[in-house]
There are 2 protein chains.
Amino acid sequence: MRKKKDKAGEGEFARDGLANSRIHGSIARTLGVAIVSGQYAPGDILNNEIDSSEQLHVSRSAYREAIRILAAKGLVESRPKTGTRVTERSRWSLLDPEVLAWFFESEPSEEFLKGLYELRMIVEPAAAALAAERRNDTQLERMRKALIQMESQTLATEAGQAADRDFHDTVLEATGNPPLFTLSSSIGAAVRWTTIFKQRKRELPRDPMPDHWKVFDAIAAARPDQARQAMEKLVGLALEDTRAAIEPKD
Amino acid sequence: MRKKKDKAGEGEFARDGLANSRIHGSIARTLGVAIVSGQYAPGDILNNEIDSSEQLHVSRSAYREAIRILAAKGLVESRPKTGTRVTERSRWSLLDPEVLAWFFESEPSEEFLKGLYELRMIVEPAAAALAAERRNDTQLERMRKALIQMESQTLATEAGQAADRDFHDTVLEATGNPPLFTLSSSIGAAVRWTTIFKQRKRELPRDPMPDHWKVFDAIAAARPDQARQAMEKLVGLALEDTRAAIEPKD
DNA sequence: AGATCGCTATTTGTCTGACTAAATAGCCAA
DNA sequence: TTGGCTATTTAGTCAGACAAATAGCGATCT
């Protein structure tokens with residue numbers, strides 16, 4: 001009864017190779033992905049804890065801990081007798097790093113991506129302006145290193161993409177505004193998908209470096225307005241590229 | 001090495017009267033407040049699960065579920081052998097409604113409030129502009145009703161304050177951008193504290209209604225730029241009022 | 001002396017099963 | 001019809017055992 005071989009179908013939950021090697025984390029991820037991908041609709045009630053944990057071949061306590069994680073992120077709500085139900089979308093913590101990752105586990109909807117870009121378009125230019133006023137030398141150096149790395153590795157490599165994200169991250173950090181900085185995971189997600197979509201197009205994509213350097217130069221020169229405008233242009237072009245790739249007209 | 005007798009007052013955790021009536025929620029709140037208020041510093045290691053749960057007079061499973069909640073919000077990180085440690089501030093989900101509530105449980109630091117206002121200053125004018133383009137009649141009606149309620153009840157009443165928050169909420173919702181809308185809890189928190197600080201001053205505070213109506217009119221008239229400017233002014237004045245109240249010079 | 005390997009103690013992680021408490025639905029009586 | 005009681009279902013809590021991971025130490029080898 002204990003270690004029986006899983007029957008196909010039920011009891012499958014992916015244990016991520018690296019992180020999330022704990023069962024509760026894996027279950028949370030599995031359920032989280034199922035919820036954000038629409039496999040469960042808001043208002044739907046999950047099977048009760050006993051049935052669910054049996055189907056997944058895990059103990060009730062591990063399953064419950066997974067549910068607590070989902071509840072903490074606003075995806076579900078539990079009450080005695082009623083059970084655990086999926087909450088309405090407006091209550092989901094869409095900017096939570098994990099929730100975001102679950103969203104991007106399957107291809108995100110165009111509408112969702114559009115929303116994320118709109119957020120970038122609002123936040124990043126303002127952040128660049130603040131960064132131009134407040135950045136310290138360490139942060140400036142980190143930005144420069146990131147761009148150099150991005151330049152030499154190109155966005156075709158994982159290291160280059162990480163450098164890209166690191167640059168945008170550091171800009172946010174240089175605002176010295178902690179609440180603003182927590183948006184970095186959301187913006188990082190959008191940045192990542194810009195790259196993915198750009199590379200999906202066959203043609204050689206536009207070189208992103210000049211735009212990035214303009215932002216950097218303005219921040220280094222402590223020119224807020226210039227930094228805002230440069231970042232506006234950068235994000236605008238990224239949006240364009242992504243939109244072009246997402247609407248395949250050819 | 002380990003303290004035999006812990007601090008006096010062991011086993012105390014507030015069970016919120018209304019929501020959070022479950023033990024795991026109460027413990028999460030107690031620990032969450034202790035963490036964000038600086039009672040535990042990032043890097044600190046919590047007592048192990050057995051000791052902690054005994055001190056709180058709860059079962060280990062209830063305690064563990066609380067820890068899972070905190071981990072889901074990025075406040076702590078658990079690993080075997082090492083224990084559960086408080087994560088660095090930059091990983092905290094500062095915009096999560098519960099985390100925000102824990103922050104405001106004790107008086108928030110001026111710096112934190114400033115960050116929140118800066119976020120408002122960035123997000124709300126842009127949101128008002130988008131709302132002017134996209135709002136539907138239902139949302140418009142909700143905004144109008146909120147302002148009327150706010151006008152008649154005044155910000156001295158709980159109902160009036162709720163109406164204020166509802167107005168700002170609806171503007172965010174009218175952007176039609178779900179990721180943007182999730183910022184409403186953060187912005188609502190800032191709005192709430194504007195009122196608290198304003199009322200702390202003895203003198204009769206400035207009437208907030210004209211500014212609000214200007215924003216509404218612009219959104220109703222579908223004029224994005226006008227809406228942006230009106231909201232900019234509204235938030236700017238709110239910031240001023242709060243700053244005046246937070247720095248008592250008289 | 002230094003590096004390497006493996007052991008062990010400690011801590012979280014998982015499991016089991018029983019019992020408690022809350023919330024609902026449905027019944028029964030007024 | 002209504003109002004309240006009760007049965008039932010579900011999450012919530014508890015206790016205790018065992019498993020897995022790993023940081024740190026110590027023995028061993030070079």
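All values below were derived from every heavy atom in this structure, side-chain atoms included, with hydrogens, water molecules and symmetry-related copies excluded. All values derive from a computational prediction rather than experimental measurement.
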- Task: For the side chain of Arg60(B), starting at C-beta, report the closest nucleotide among dT13(D), dC15(C), dG13(C).
- Result: dG13(C)
- Using the C1' atoms of five pairs at each end, what's the angle between the two axes of the helix from dA1(C)-dT30(D) to dA30(C)-dT1(D), to 10 degrees? 10°
- Query: Which residues pass the side-chain hydrogen bond (donor to acceptor under 3.5 Å, both in side chains) test with Ser59(B), sequence neighbours left out?
  - Reply: Ser61(B)
Write out a two-atom table: protein N or O, nucleotide N or O from nucleotides 4-9 of chain D, distance below 3.5 Å.
| unit_1 | atom_1 | unit_2 | atom_2 | d |
| --- | --- | --- | --- | --- |
| dT8(D) | O2 | Lys81(A) | NZ | 3.3 |
| dT9(D) | O4' | Lys81(A) | NZ | 3.3 |

- Residues which pass ring-ring contact (aromatic ring centres under 6.0 Å, His included) with Tyr63(B), listed by chain and number, not counting sequence neighbours: none
- Task: Please name all residues satisfying ring-ring contact (aromatic ring centres under 6.0 Å, His included) with His24(B), sequence neighbours left out, ordered by chain then number.
- Result: none
Salt bridge check, [Y] against [X]: does any charged N sit closer than 4.0 Å to a carboxylate O?
X         : Y         : answer
Arg134(B) : Glu118(A) : yes
Glu54(B)  : Arg60(B)  : no
Arg85(A)  : Glu77(A)  : no
Arg22(A)  : Glu65(A)  : no
Arg144(B) : Glu141(B) : yes

- Message: Can you list, in residue-number order, the parts of residues 61-77 of chain B that come under 4.0 Å of DNA chain C, counting heavy atoms only?
- Response: Arg64(B), Arg68(B)
- Message: Below the 4.0 Å mark, does dT24(C) have OP1 or OP2 next to a side-chain nitrogen or oxygen of Thr82(A)?
- Response: yes
- Does Ser59(A) place a side-chain N or O at less than 4.0 Å from the phosphate oxygens OP1/OP2 of dT14(C)? no
- Residue closer to the 5' end of DNA chain C, Val58(A) versus Thr84(B) (nearest nucleotide): Thr84(B)
Measure [atom1]/[X] against [atom2]/[N] and give the value in whole Å, please.
X        : N       : atom1 : atom2 : result
Arg85(B) : dT10(C) : CZ    : P     : 18 Å
Ile45(A) : dA23(C) : CD1   : C1'   : 13 Å
Arg22(B) : dA21(C) : CZ    : P     : 14 Å
Ile50(B) : dG16(D) : CD1   : C1'   : 10 Å
Ile27(B) : dG12(D) : CD1   : C1'   : 13 Å
His57(A) : dT16(C) : NE2   : P     : 11 Å
Glu49(B) : dA15(D) : CD    : P     : 15 Å
Ile23(B) : dC14(D) : CD1   : C1'   : 9 Å

- Minimum side-chain heavy-atom gap Asp96(B)-Asp96(A) below 4.5 Å: no
- Is a side-chain N or O of Gln55(B) found less than 3.5 angstrom from the main chain of Ser52(B), in a donor-acceptor match? no
- Do Arg79(B) side-chain and dG13(C) base share a donor-acceptor contact under 3.5 Å? no
- Task: Please report the closest heavy-atom contact between Val191(B) and Arg165(B), naming both atoms and the distance.
- Result: CG1-CG, 4.2 Å
- Task: For residues Ala238(B) and Thr194(B), report the shortest heavy-atom separation together with the two atoms involved.
- Result: CB-CG2, 3.8 Å
